[in-house]
Undergrad: 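This is the structure, below, for whatever I ask next.
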Amino acid sequence: MRRHAGSGIFLLALAAWPALAGSGEALTIGALMAQLGTVTESHARFAETKTVGALSAPIETSGTLFYRRPDHLEKITFPPHSEQLVVEGGKLRLSLPGVAPQELDLARAPPIAALVEAIRATLAGDLAALQRDYSVGLDGNAADWHLTLVPSDPEVARFLRAARLSGTGHELREVSFTQANGDTSVMRITPLP
Amino acid sequence: MRFLPAAGRARLLATFALAALLLAIALGHGGLSTDIADFLPQGQTEAARFMLEQVRSGPAATLVLLAIEGLPPPELAAISRAFAARLDASGVFRLVANGAGLANGPEQAFLFRNRYALSPAVRAEAFTEAALRADFARLLAALATSAAPLVSVYGLADPTAAFPPLLRLWAGPGNLRAVDGVWFARDRDRALLIVRTRASGVDLAGQRQAEAAIRAAFGASAKPGAHLLMSGPAVFALAAERTIRGDAETVSVLSALLVLALLAWRFQSPLALAAVLIPVLLGSAAAVVAVQAAFGQVHALTLGFGITMLGVGLDYPVLWIGHRRPGEAIAATAARIGRTLALSVTAAVLGLAGMLFSAFPGLAELGLFALVGLVVAALATRLVLAPLVVAAAIAPASRGAPRWLLRLEGLRRFRAWTALPIALAVLVVIFHPPRLERDLARLSPVPQAALDLDTALRGEAGAPEVARLAFIEAETEEAVLVREEALLPALDALIDQGAMGGVEIAARYLPSMATQARRRAALPPAEALAARIARAQAGMPFRAGAFDRFQADIANARAAPPLRLADITPNLLAARLAPLLFAHAGRWYGVIAPTELAAPAAFGAALTAVPGVRVLDVAGEMTAIVAAYTTQAWRWLALGAAMALGALAIGLRGLAALPRVLGPIVAAVLVTLAILSAAGVHLSLFHLVALQLMVGVALDYALFFARRQNDDEERARTFRTLILCNAMTLLTFGLLAFCRTPLLQGIGLTVAVGVVAAMVFSFLLAGRPASA
């Protein structure tokens with residue numbers, strides 16, 4: 001009985017170990033960024049839910065994400081909302097079916113640049129870039145971290161209230177934006193091998 | 001009354017000091033103008049005056065184009081941002097634009113708020129139920145894309161898309177490329193900024209301050225390797241001012257020193273220097289006062305030119321002293337050379353008199369300066385200097401007729417050979433006549449490289465050229481805009497044909513009140529719009545109230561008063577309109593400025609046909625003005641020459657003696673023209689004036705050599721004196737030839753070449769053989 005009880009406690013302890021370990025060492029933003037910075041390339045699937053105040057129903061889209069260090073980000077959306085979005089350096093290119101691709105200079109559109117940078121700088125583990133646009137808050141632990149980004153530029157703040165990025169280890173699992181007008185978008189990310 | 005030499009010397013020195021003081025007072029009294037615009041024609045027609053005023057002092061003259069290069073684009077962009085922020089903070093500029101502002105600042109909010117008044121896309125058809133339905137479907141699709149965040153902010157408030165074309169219109173010329181949100185030239189790594197100074201283009205002190213602010217801001221913002229390029233009318237004006245001032249100072253100081261050294265050597269007495277300078281100082285003082293009285297102030301160019309007049313004015317005292325025998329009384333010297341000297345002065349002054357009547361302010365000023373200076377210098381020589389010279393006992397050091405003189409005079413045996421260079425000169429002048437320069441810009445001291453840089457930067461920044469533009473003048477702002485709107489189709493056609501890259505015109509940015517009223521009338525009333533929206537969105541997942549902001553904006557636009565120029569307050573927008581639409585002396589003017597004009601003739605033809613529109617070809621207008629002045633100047637020159645000839649005929653007592661005097665002068669003019677032509681110099685108005693001046697100097701030589709002088713000693717005196725005069729003229733005019741100001745350079749070269757030729761021909765042709 002004692003042995004059994006003993007093994008039970010052992011098992012319990014084992015089961016609880018990751019959580020214990022996590023809560024035991026507080027995750028610092030530097031450590032998180034360093035961990036994210038080890039990834040050179042990542043593929044993922046995403047499913048996004050946009051809730052627009054003007055619409056009676058949310059819009060659901062899905063597709064794939066591709067990131068390559070240091071500054072290449074690609075988002076391909078499946079039909080029926082087909083779209084290809086490529087960000088490379090300071091340029092953003094949006095291709096929609098049936099129309100010529102549109103190019104945007106990110107520096108000329110700070111709100112858009114801020115949206116892009118929230119994701120790209122996090123994937124790059126580039127804290128300095130994040131802090132240029134946002135005041136950055138971190139909670140959770142290495143296995144379940146949450147970054148809260150609040151725009152520091154008032155001009156961006158008029159447009160974007162906050163961004164929240166969550167993940168585990170070096171993987172980004174969810175990105176949600178809340179716009180100043182109350183619209184939200186939540187993107188859930190599943191890593192692909 | 002007899003003076004001891006010592007008392008005479010004291011009196012001479014006192015007179016010299018007084019004359020110098022008079023000149024200092026005259027110069028100190030009035031300002032010295034260095035603005036080349038003061039020197040240039042004011043324009044004879046109303047259009048020409050308006051245009052010249054606009055080019056010089058209008059908003060276009062406050063434009064400064066800045067470029068930064070030398071580093072990779074991202075670094076240049078960062079410098080551009082810091083540079084622009086510092087320039088803005090300096091408070092010296094009305095506008096600082098580097099491309100970073102319009103995308104987000106108050107400009108964008110203003111344009112969005114006023115899109116229904118300002119956007120060309122506002123038409124009644126855009127607000128039908130069918131059109132709205134199509135717009136809503138488009139919005140719905142866009143909300144599913146990654147652009148959704150923007151669509152929900154801007155798109156829902158502006159479903160008919162009135163804003164995007166408006167933003168494109170104002171966002172700037174298409175030929176700029178953006179790097180990190182900052183303007184760059186399309187084809188090279190050059191960050192561009194456009195600034196407008198608060199100071200007017202003719203306010204050189206203000207422009208100097210602006211230039212200092214630019215240099216300071218750049219110095220504080222730049223990194224090693226980056227360098228700054230500046231261009232614009234004010235930059236040119238400053239550069240020209242600096243060059244002219246530098247030239248005037250260098251030449252006057254240097255030539256004064258050289259002439260003094262020469263005189264000291266010849267007369268071996270510092271007193272002789274003082275004596276020779278007295279008439280010139282008095283003449284210059286009188287000339288400065290006369291020019292100040294007639295023109296308000298003396299231009300630095302006039303003074304520079306006046307300094308060269310020293311060389312000619314110095315001839316008179318030098319001729320007088322040089323011909324004086326030691327111990328001789330005034331009357332004796334006067335008996336020998338008085339008549340010749342008087343004739344020479346009279347002919348020279350009459351020849352110059354024509355310039356006085358020129359409507360070209362610079363020419364008239366020069367003419368007055370030279371004429372007054374010469375007359376007073378000649379009078380002072382006879383009335384002030386002559387007694388002083390006797391009292392101080394000044395006479396040339398060398399005496400006798402040296403052997404070399406006889407040998408030199410022996411050269412006159414070969415005078416027939418002078419026919420060869422003269423014939424050659426005639427052939428050159430006939431078959432390769434000197435080209436006439438009618439482009440005023442060539443007279444500007446701004447180097448060609450700077451002009452090329454300006455053209456390049458203007459092209460890259462899409463800034464309108466000032467070489468050709470059209471304008472509309474009307475009673476009111478509204479009348480100007482209405483007429484401009486009528487021109488827009490023709491201008492668009494020109495752009496489509498490739499006649500020009502684009503056009504800056506106020507009506508594109510600020511529609512007339514009539515057009516704004518038409519657009520307002522196209523906006524549906526609130527209830528009608530609400531009903532159409534409700535029907536249009538039926539079956540789509542838009543909530544009720546999704547287009548509330550759209551409806552509110554339309555209702556506001558329907559109630560808003562029309563926008564006037566004064567309502568366009570955001571800095572970048574106001575600065576864009578300022579040079580295009582403005583009031584002046586109770587009238588309103590609209591400027592239509594083409595950019596990248598490929599077919600000026602087509603532009604002119606399309607707009608000249610429209611009543612009320614005036615097309616200004618700035619270069620053409622200038623050329624026409626200069627051509628008119630040149631023709632006029634020729635007429636006055638001819639009259640002056642005729643008067644001088646008449647004076648000579650009377651003075652020489654008949655026509656028989658005329659060829660001996662005129663021959664060398666004509667020969668010298670021909671040879672000078674031939675040499676200038678062979679050197680590829682284009683003759684400007686100022687070369688013609690210089691030729692005239694040179695003729696005046698040549699007259700001295702010919703008249704003095706042509707005197708009957710059987711006495712060897714007197715011939716030696718004449719020869720030495722004229723060589724001295726010649727050397728002085730060369731030292732002054734010769735130095736002018738090294739000026740950077742093309743105008744002074746042209747005068748210097750012409751006269752330097754001319755007086756040497758005149759000396760040679762006068763000696764060989766005018767001189768008489770020694771007869772028993």
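Throughout, a chain's letter reflects where its sequence line sits, starting with A, and its residues are numbered from 1.
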Undergrad: Which atoms of A:Leu106 are under 4.5 Å from chain B, going by heavy atoms: the side chain, the backbone, both sets, or neither?
TA: neither
Undergrad: Could you measure the distance from the NZ atom of A:Lys75 to the OG1 atom of B:Thr145? Nearest 0.5 Å is fine.
TA: 8.0 Å
Undergrad: Would you mind checking which part of A:Leu92 comes under 4.5 Å of any heavy atom in chain B, side chain (CB onward), backbone (N, CA, C, O), both or neither?
TA: neither
Undergrad: Flag yes if more than 12 heavy atoms outside B:Phe112 fall under 6.0 Å of its CZ atom; otherwise flag no.
TA: yes
Undergrad: With a 4.5 Å cut-off on heavy-atom pairs, point out which of A:Gly90, A:Gly53, A:Ala57 contacts chain B the most.
TA: A:Gly53
Undergrad: Would you mind checking which part of A:Thr77 comes under 4.5 Å of any heavy atom in chain B, side chain (CB onward), backbone (N, CA, C, O), both or neither?
TA: neither
Undergrad: What part of A:Leu160 lies closer than 4.5 angstrom to a heavy atom of chain B: side chain, backbone, both or neither?
TA: neither
Undergrad: Which is it for A:Val52 and B:Val151 under the side chain to side chain contact (heavy atoms under 4.5 Å, CB included) test, yes or no, and what are the steps along the way?
TA: CA-CA 10 Å; A:Val52 180; B:Val151 175; over 6 Å; no
Undergrad: Do A:Lys50 side-chain atoms and B:Ala144 backbone N/O form a donor-acceptor pair below 3.5 Å?
TA: yes
Undergrad: Measure A:Leu85 against the heavy atoms of chain B and call it side chain, backbone, both or neither at under 4.5 Å.
TA: side chain
Undergrad: Can you name the residues of residues 163-190 of chain A that have some heavy atom under 4.5 Å away from a heavy atom in chain B?
TA: A:Gln179, A:Asn181, A:Asp183
Undergrad: Say whether, by atom type as modelled, one donor and one acceptor occur between the side chain of B:Arg543 and the main chain of A:Ala54 under 3.5 angstrom.
TA: no
Undergrad: Between B:Leu139 and chain A, which part of the residue has a heavy atom less than 4.5 Å away: side chain, backbone, both or neither?
TA: neither
Undergrad: Which atoms of B:Leu156 are under 4.5 Å from chain A, going by heavy atoms: the side chain, the backbone, both sets, or neither?
TA: side chain
